There are 2 protein chains.
Amino acid sequence: MRPNKRDELVRKALQVFYRDGFHATGMDRLVVETGVSKTSMYKHFRTKEELILAVLRLRDENFRNWFVRRIEELADTPADQLLAAFDALGEWFREDNFRGCMFIKAGAEYQDPDHPIHVQAGEHKRLLLEYFTDLCRKAGARDPDKLACQLLLLKEGAIVTAVLLHSCDPARDAKEAAQVLLQNALA
Amino acid sequence: MRPNKRDELVRKALQVFYRDGFHATGMDRLVVETGVSKTSMYKHFRTKEELILAVLRLRDENFRNWFVRRIEELADTPADQLLAAFDALGEWFREDNFRGCMFIKAGAEYQDPDHPIHVQAGEHKRLLLEYFTDLCRKAGARDPDKLACQLLLLKEGAIVTAVLLHSCDPARDAKEAAQVLLQNALA
DNA sequence: TCCTTTGCGTACAGATCAGTACATAATGCC
DNA sequence: GGCATTATGTACTGATCTGTACGCAAAGGA
């Protein structure tokens, strides 16, 4: 029971869940795709829910790391970084295997607000909101909390719309909207 | 096989699917909850997918009717109506059984872009976008298509955020953002 | 070499999935 | 009333779901 074996399982499960959804992906399929035996799978994760929670933790880490790093590559000042966030989004939308936000989907499949999976999905959004708020404060916005929330709305809306309309334009439109909001919040 | 019996089944199925999700709701449970026999159910709908598509059609009709009507009750001029849309959203968020947007959830559970359910979910958003575009044009916006898309982003983002953060504030924040964008597009 | 412990694969349990076969009950027509 | 058609309820199919029981093989200690 090597500890990195567990990580490998989580990585693989992440791909499959992201592509096909949670309810639609059975443990049997995961067992086949990872090549591990069912007993081993259930040694590492006592239930499917526990596996999903581990997957969401990894996804949260991966996504936020990538997002923040990419933004810092694209821009220097906090204000520019807030706008660059939407360029990063656009890059994400253009990836071949883009399938929307895993946390929105998790919240959609596990709707009970008290369900651990739903709670964890909300936590991801809260952390992103914190990041935005921090940038808004550094940029000198009049009401950093409000502006951050508005930019988050644009981000989430862009993701959902990109998925359902199969278009990458939402990233561009969201960026222009963010520009207007930012200008308004700084003046 | 009364024709209104079918509508009744769709109405009931809508409630259950909306509350519990598509994959998580089996035909057996629907049969029990509607009180109809399984044979009758499959006489009206040849497959589960066909039932879901009928449910989405009804939901699209219900939601857009309610949305447009409520907006017209709340405001008179096109510009005010665009803002009132977010007040209507806020009322929706406050409903006890608010569980987010059924079409976002449908798109999340049926991710294949060619899947009929995914396509139909996208169609709903397209129709909403058309409605917004029409209002933007009437309001005299400089670029009605762009503004409409941006307002749609705010709406979708507000829904997703309201669900995951269990808060109704997104409606308020979205409205204020819409106000700024609208002002900017008219000036 | 023998014994114990640990890890893994297979086969299975019981529930539930979508969908159907078939018998019975209700209805329309003459 | 007698007959054909249609609607319905039950019981079932084979597949798949999450999770487990058990047998075997490898490894470690004396």
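Remember, predicted model here, so these are calculated numbers, not experimental data. Letters A, B, ... mirror the listed sequences (proteins, then strands); counts begin at 1.
Between B:Y110 and B:H23, the two ring planes are parallel [angle under 30°; tilted spans 30° to 60°]. Using a 30° and 60° split on the angle between ring planes, A:F103 and A:H124 fall in the parallel class, below 30°.
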Between protein and nucleic acid, restricted to nucleotides 20-25 of chain D and to nitrogen or oxygen atoms under 3.5 Å apart, what atom pairs and distances do you find?
from   : atom 1 : to    : atom 2 : distance (Å)
D:dA21 : N6     : A:T39 : OG1    : 3.4

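Between A:R11 and A:E8, none of the side-chain N atoms (NZ, or NE/NH1/NH2) sits under 4.0 Å from a carboxylate O, so this pair counts as no salt bridge. A salt bridge is defined here as a Lys NZ or Arg NE, NH1 or NH2 lying under 4.0 Å from an Asp or Glu carboxylate O, and A:D60 with A:R57 fails to meet this definition. A salt bridge links B:R126 with B:E123; the closest basic N to acidic carboxylate O contact falls under 4.0 Å.
At the phosphate of C:dC8, OP1 or OP2 sits under 4.0 Å from a side-chain N or O atom of A:S40. Side-chain nitrogen and oxygen atoms of B:S37 include at least one within less than 4.0 Å of the OP1 or OP2 phosphate oxygen of D:dG9.
Note: NE2 (B:H44) to C1' (C:dG19) measures 16 Å, nearest angstrom. One can place CE of B:M41 at 16 Å from P of D:dA7, the figure rounded to the nearest angstrom. For A:K48 and C:dA15, the NZ to P distance is 19 Å, given to the nearest whole Å. Across the protein-nucleic acid pair, B:I52 atom CD1 and C:dA18 atom C1' stand 11 Å apart, rounded to whole Å. Taking atom CZ of A:R6 as the reference point, atom P of C:dG7 lies 15 Å away to the nearest angstrom.
Between B:G107 and B:H118, the closest heavy-atom pair is O-ND1, 3.6 Å. Between A:E156 and B:G157, the closest heavy-atom pair is CB-CA, 4.0 Å.
In this structure, B:R59 forms a cation-pi arrangement with B:Y18, its terminal cationic atom sitting closer than 6.0 Å to the ring centre and no more than 45° off the ring axis.
Residues from residues 20-35 of chain B with heavy atoms under 4.0 angstrom of DNA chain D: there are none.
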